[in-house]
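Notes follow once the structure below has been shown.
Every chain is numbered from 1, with letters handed out A, B, ... down the list of sequences. Computed over heavy atoms, backbone and side chain alike; hydrogens, waters and symmetry mates excluded.
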There are 2 protein chains.
Amino acid sequence: MSEHIHGAFCCPDHSGQQGARTILSQAEARATRMGLRLTPVRLRTLELLIAAHGALGAYDVLEKLAAEGYGTQPPVAYRALNWLVEHGFAHRIRRLNAFTACAHPSDDHAAAFLICTGCDSVTEAPAGAVTAALTQAADSAGFSMDRATIEAVGQCRACQGANA
Amino acid sequence: MSEHIHGAFCCPDHSGQQGARTILSQAEARATRMGLRLTPVRLRTLELLIAAHGALGAYDVLEKLAAEGYGTQPPVAYRALNWLVEHGFAHRIRRLNAFTACAHPSDDHAAAFLICTGCDSVTEAPAGAVTAALTQAADSAGFSMDRATIEAVGQCRACQGANA
DNA sequence: CTATCATACGTTATATCATAACAGTCAAGG
DNA sequence: CCTTGACTGTTATGATATAACGTATGATAG
Ligand SMILES: [Zn+2]
Ligand SMILES: [Zn+2]
Ligand SMILES: [Zn+2]
Ligand SMILES: [Zn+2]
């Protein structure tokens, strides 16, 4: 199928060369600091996610990697993507079966994702308060929370205007 | 693959015959009230979800439906499950690629799900405060939220004790 | 009554997403 | 050297989900 890029119109956070470079260098800095091996495939995968300004499916990533001389089989993409997610350089968007570059890779953080049904953009929003509320709800049930998936579906600012 | 039932040890909410009957009759009452057609396949699918005391994959449901003389192909299960979700009788658990009966089908509600990594149980928790916080976060980004997926991963009360 | 229409149910076929298992490469350390 | 562990690549398969189409059934309009 044709490459379904989610997020052609991205949030200001990582639009433009400036934002992209900032994110990438923050990520590289943290990798160095933590002794994490941001190998060529992993780095390139991260660059692809950043350049996409939104979420990419594993097979979208694979297609690009393959075209650039990396491996051609699914595990190549899944391994790189899962490593990026595990180490906080990317996030998995479960509703879209897709992955997106972390917009704030310099710190550990809880994130929520705002998924626009109008333009398929995915925006990473700070989720401190949401996570606190969720932790509280979990505690009430005697449940000890490790991590959470928080994804909102709706319309971004631009698409609300367009439909009005 | 073997039938991976998530949630052999369920929350008190819908454990036991009593809870199951309550949920089922609440669901039937609401279907009647709203003029929704809870047809045999749909009803049976809901019963299966309730009886599972946790989340079932679509193919788990399909296997049981097929064994009882209903259709044998994936769309049969997916249609019933999607209908139940659309009308608030069930929820989709994205992290597990699975579905679970709504524990409170009598009212419209925002729910969060507590997924235990120890016993694979899935508990539906009230998420009013979480949803409010998320709506607030979305608003700050100019995003108009329609609905949300909120899933926490961690350990249920029983499994915390077991590991201690 | 009977034609028409909408909804639901069933099928076949295919698309999409993800992982298991194993082989080759290469750098670090003994 | 030669082992070891991390990484990359492969083949093959498994798991999840939907498109497209035909049939049955029940309601409604003529
Ligand atoms: Zn992030
Ligand atoms: Zn939009
Ligand atoms: Zn519910
Ligand atoms: Zn548990």
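Taking the side chain as every heavy atom from C-beta outward, A:R94 and A:R92 approach each other to under 4.5 Å. Under the 4.5 Å side-chain criterion, counting only non-hydrogen atoms from C-beta, A:T45 is in contact with A:L84.
Listed pair A:R92 / C:dC17 fails the phosphate criterion, with no side-chain N or O lying under 4.0 Å from OP1 or OP2. The side chain of B:N97 contributes an N or O atom lying less than 4.0 Å from OP1 or OP2 of D:dA17.
Distance A:R95 CZ to D:dT16 P: 18 Å, rounded to the nearest Å. Atom pair A:Y78:OH and D:dG9:P shows a separation of 17 Å (rounding to whole Å applied). In this structure, A:N82 atom CG and D:dC7 atom P are separated by 14 Å, rounded to whole Å. Summarising the geometry, the separation between CG on B:L62 and P on D:dT18 is reported as 14 Å, rounded to the nearest angstrom. Regarding B:I93, its CD1 atom lies at a distance of 15 Å from the P atom of D:dT16, rounded to whole Å. Rounded to whole Å, atom P of C:dA15 lies 16 Å from atom CG of A:D60.
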Might you work through the ring pair (Phe, Tyr, Trp, His ring centres under 6.0 Å) test for A:H104 and A:H91, ending with a clear yes or no? CA-CA 11 Å; A:H104 310 288; A:H91 299 284; 9.1 Å; no
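A side-chain donor from one of B:T149 and A:R95 sits under 3.5 Å from a side-chain acceptor of the other.
Donor-acceptor pairing under 3.5 Å, judged by distance alone, is absent between the side chain of A:Y59 and the base of C:dA15.
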Show me the protein contacts with nucleotides 6-14 of chain C, counting only N or O atoms at under 3.5 Å.
{"residue": "C:dA8", "atom": "OP1", "partner": "B:R42", "partner atom": "NH1", "Å": "3.4"}
{"residue": "C:dA8", "atom": "OP1", "partner": "B:R42", "partner atom": "NH2", "Å": "3.4"}
{"residue": "C:dA8", "atom": "O5'", "partner": "B:R42", "partner atom": "NH2", "Å": "3.3"}
{"residue": "C:dC9", "atom": "OP1", "partner": "B:T39", "partner atom": "OG1", "Å": "2.6"}
{"residue": "C:dG10", "atom": "N7", "partner": "B:R79", "partner atom": "NH2", "Å": "2.1"}
{"residue": "C:dG10", "atom": "O6", "partner": "B:R79", "partner atom": "NH1", "Å": "2.9"}
{"residue": "C:dG10", "atom": "O6", "partner": "B:R79", "partner atom": "NH2", "Å": "3.4"}
{"residue": "C:dT11", "atom": "OP1", "partner": "B:T72", "partner atom": "OG1", "Å": "3.3"}
{"residue": "C:dT11", "atom": "OP2", "partner": "B:T72", "partner atom": "N", "Å": "2.8"}

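With A:Y70 as the aromatic partner, A:R44 does not meet the cation-pi criteria of under 6.0 angstrom to the ring centre and within 45 degrees of the ring axis.
By the ring pair (Phe, Tyr, Trp, His ring centres under 6.0 Å) test, B:F143 pairs with no residue at all, sequence neighbours left out.
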